[in-house]
Structure formats: C-alpha cells, structure tokens
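Convention: sequence-line order gives letters A, B, ...; per-chain numbering from 1. Just so it is clear, the model here is predicted, and its values are computed rather than measured.
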Protein chains: 2
Amino acid sequence: MLMSVDTDLLRVLADPLRLQIVTLLARETLCTTHLVAETGARQTNLSNHLKVLRDAGMVDTEPCGRFTYYRLKPDVIASLAGQFAELAETARATAAADRKRSCP
Amino acid sequence: MLMSVDTDLLRVLADPLRLQIVTLLARETLCTTHLVAETGARQTNLSNHLKVLRDAGMVDTEPCGRFTYYRLKPDVIASLAGQFAELAETARATAAADRKRSCP
DNA sequence: GACTGACATCAGCATGTACTGATACTTTCA
DNA sequence: TGAAAGTATCAGTACATGCTGATGTCAGTC
C-alpha cells in the first residue's frame, strides 16, 4: 500500500535538534551562526544536521559573504501537514462509524 | 523552546511498518491476524511494533476471544495533524513576509 | 487434560544514528 | 598576504533500532 505519510521526511523531523531547526526556520530565515546561538548545539553537529535537512530537500541555502543562510521550503511542511490531516480525518470518520472487521 | 511537534510520536511513526499499521487502523479496527495478513510482516515482528504503538499511547487493545483487536486513538493523530498545520502556517506566513534576520 | 491457535516477550545480532574532535575550504579583515 | 571567522566534511565511537528465532502465556477446541 502507498504510505499515507512520507516516512523519510518523518525520520528527518523525528530528531529533536532537526525539528528545532525547522521550527526556528519556519519563523525566519537564519544563518548557521544564528542557529548555533539559538539551539546551543555545537557548530559541527549543527552542520551535520543541516546537511540532513538539505539532503531531504527541506531547506535551501543562500550564501551571504562568509555566512550561509538557511531558508525553509514551506511547501514541504505543507505537504506533510496535508498528509496528516487526511490521515486524521480518516481516523475520525472510522472511529465515528465504529468500523471493525470480523474475526478471521 | 517547546517543540512544535512531538518528536517521540514522530519517531514512532517514522518506521514504515508502524506507519502502515496506523494507516490500516485509521480505516478500521483490526486484530493481529488481520494485520499480519495485510502487512506481510512476521507475527513476532508485528507484535514488537504493536507494543511500541501501545507504549506511545496511539492505540488501544480490545480482547475478543483469543484474538486481540487494535483500535487507533484518533485524537492522537488529530493532535499531530494540528501541530503540523500550525507549523505549516507559520512557515507559509514567514515565506510570504520574507523574514530574514540580519547578519550577526 | 491435552492440543492447537493467537499473540506477547525476550535475547541476540546487524545496521543505523547522533555526537565529538579534527580538519579542510572559503570569505573577510587587517 | 597572512590571520581570523564561518562553515562543511570526515572518521571514530557509543548508543538506538529493527529483525529474527525461540519460547512463554492465554483462550478455545476436542
């Protein structure tokens, strides 16, 4: 069966530090220095996670002198939100109808 | 900062087999035998994953003779969907406003 | 009561993951 | 032009994760 939600994206967001980065970037475009300061993570650890987010296609980079700005791709989050909304609606309707398959 | 989405729940759903189980249960209440048949997973592997879903508070169990039925808790999925919807809206508004913090 | 079916639990193993420290590369500054 | 700042990459390590096979427990059947 086709998955209802993209598990590769879920795995990327399931890490607390990466989710924090995504949440910060949802509010404003920031550079690596900003993100180190806001998250308290070490610079190389943050870079590792930023690479995971880039590879997952969730953020774009934007050089600015020797700073690198990261910008979230809102459509990726919107797509995930849509998938969860569908799953939630299906679950709600099923609970309301109390659908239960017979014993085998 | 408080997380925008529950990463413990995300980690639970980030596994393809567990997400498949949740998707099947979103459509109807099923027993372990049904789930083995629908997913093709081995019985002990499926039981391991069902335990993870129970421990995460995503499903309830319902004994029925020697069968065990699993019922999805729709409010858990609805809550996650709501969290993603908020994150998506924040991201969309930020992209529209083109918010970018100045260089440090 | 023995047997069968359904399913939960557990230990072991292979693989994946997240962090650290070291280091390389690029840009800017003095 | 060399030093400093910013950031990316990499190897190593410790821990987490997912699967398997074996096995235990409980409900139903004969």
Side-chain angles (χ1 to χ4, degrees), chain A residues 3 6-25 29-72 100-104, chain B residues 3 6-25 29-72 100-104:
Chain A
M3 282 305 118
D6 189 333
T7 51
D8 289 333
L9 288 185
L10 284 189
R11 181 173 291 112
V12 168
L13 291 177
D15 177 77
L17 179 52
R18 286 198 294 275
L19 183 67
Q20 187 179 8
I21 293 167
V22 165
T23 301
L24 289 167
L25 293 181
T29 297
L30 300 165
C31 72
T32 315
T33 304
H34 294 138
L35 289 166
V36 166
E38 298 272 351
T39 63
R42 290 171 188 271
Q43 180 269 317
T44 56
N45 188 26
L46 195 87
S47 268
N48 286 329
H49 284 284
L50 285 170
K51 177 175 164 58
V52 174
L53 290 171
R54 282 201 313 278
D55 290 349
M58 303 194 85
V59 299
D60 284 320
T61 56
E62 194 175 301
C64 183
R66 57 190 177 190
F67 298 98
T68 303
Y69 271 82
Y70 283 83
R71 184 185 297 273
L72 193 63
K100 178 179 176 182
R101 193 182 292 188
S102 303
C103 289
Chain B
M3 281 307 115
D6 190 333
T7 52
D8 289 333
L9 289 185
L10 285 189
R11 180 173 289 113
V12 169
L13 292 178
D15 177 78
L17 180 52
R18 287 199 295 276
L19 184 66
Q20 187 180 7
I21 294 168
V22 164
T23 302
L24 290 166
L25 293 181
T29 296
L30 301 166
C31 72
T32 315
T33 303
H34 294 136
L35 289 166
V36 165
E38 297 272 351
T39 63
R42 289 173 189 269
Q43 180 271 314
T44 56
N45 187 26
L46 195 85
S47 267
N48 286 331
H49 285 283
L50 286 170
K51 177 176 165 56
V52 173
L53 290 170
R54 278 200 316 276
D55 290 349
M58 305 194 81
V59 299
D60 285 320
T61 55
E62 195 175 302
C64 181
R66 57 189 178 191
F67 298 98
T68 304
Y69 271 81
Y70 283 84
R71 184 185 298 273
L72 193 63
K100 177 178 176 182
R101 195 183 290 188
S102 303
C103 290

Exercise. Separation of A/Leu53 atom CG from D/dA8 atom P, in whole Å?
Worked result: 12 Å
Exercise. How about B/Leu9 and B/Leu13: do any of their side-chain heavy atoms sit closer than 4.5 Å?
Worked result: no
For this session: Respond yes when some side-chain nitrogen or oxygen of B/Thr33 is under 4.0 Å from OP1 or OP2 of C/dC7, and no when none is.
Result: yes
Problem set entry | Nearest-Å distance for atom pair CG/P, residues B/Leu13 and D/dG18 | 12 Å
Seminar exercise, completed: When rounded to the nearest 0.5 Å, the distance separating OH of B/Tyr70 from CG of B/Leu30 is 12.0 Å
For this session: Specify the separation, in whole Å, of atom CG of A/Asp55 and atom P of D/dC10.
Result: 11 Å
Please tabulate the protein-to-nucleotide N/O contacts below 3.5 Å involving nucleotides 28-30 of chain C, giving atom names and distances.
residue: C/dT28; atom: O4'; partner: A/Arg66; partner atom: NH1; Å: 3.4
residue: C/dT28; atom: O2; partner: A/Arg66; partner atom: NH1; Å: 3.4

For this session: Could you check how far CD1 of B/Ile21 sits from P of C/dC7, rounded to whole Å?
Result: 13 Å
Problem set entry | Separation between CD of B/Glu62 and NZ of A/Lys100, rounded to the nearest 0.5 Å | 4.0 Å
For this session: Enter the distance from B/His49:NE2 to B/Leu35:CG here, rounded to the nearest 0.5 Å.
Result: 12.5 Å
For this session: Please report, rounded to the nearest Å, how far the C1' atom of D/dT17 is from the CG atom of B/Asp8.
Result: 14 Å
For this session: Could you encode protein contacts along nucleotides 8-19 of chain C as a string, one character per nucleotide from 5' to 3', using B for base contact, S for sugar-phosphate-only contact and - for no contact, with a heavy-atom cut-off of under 4.0 Å?
Result: BBB------SSS
Exercise. What do the steps show when you test B/Tyr69 against A/Arg101 for side chain to side chain donor-acceptor pair (under 3.5 Å), and what is the final call?
Worked result: CA-CA 9 Å; B/Tyr69 271 81; A/Arg101 193 182 292 188; over 6 Å; no
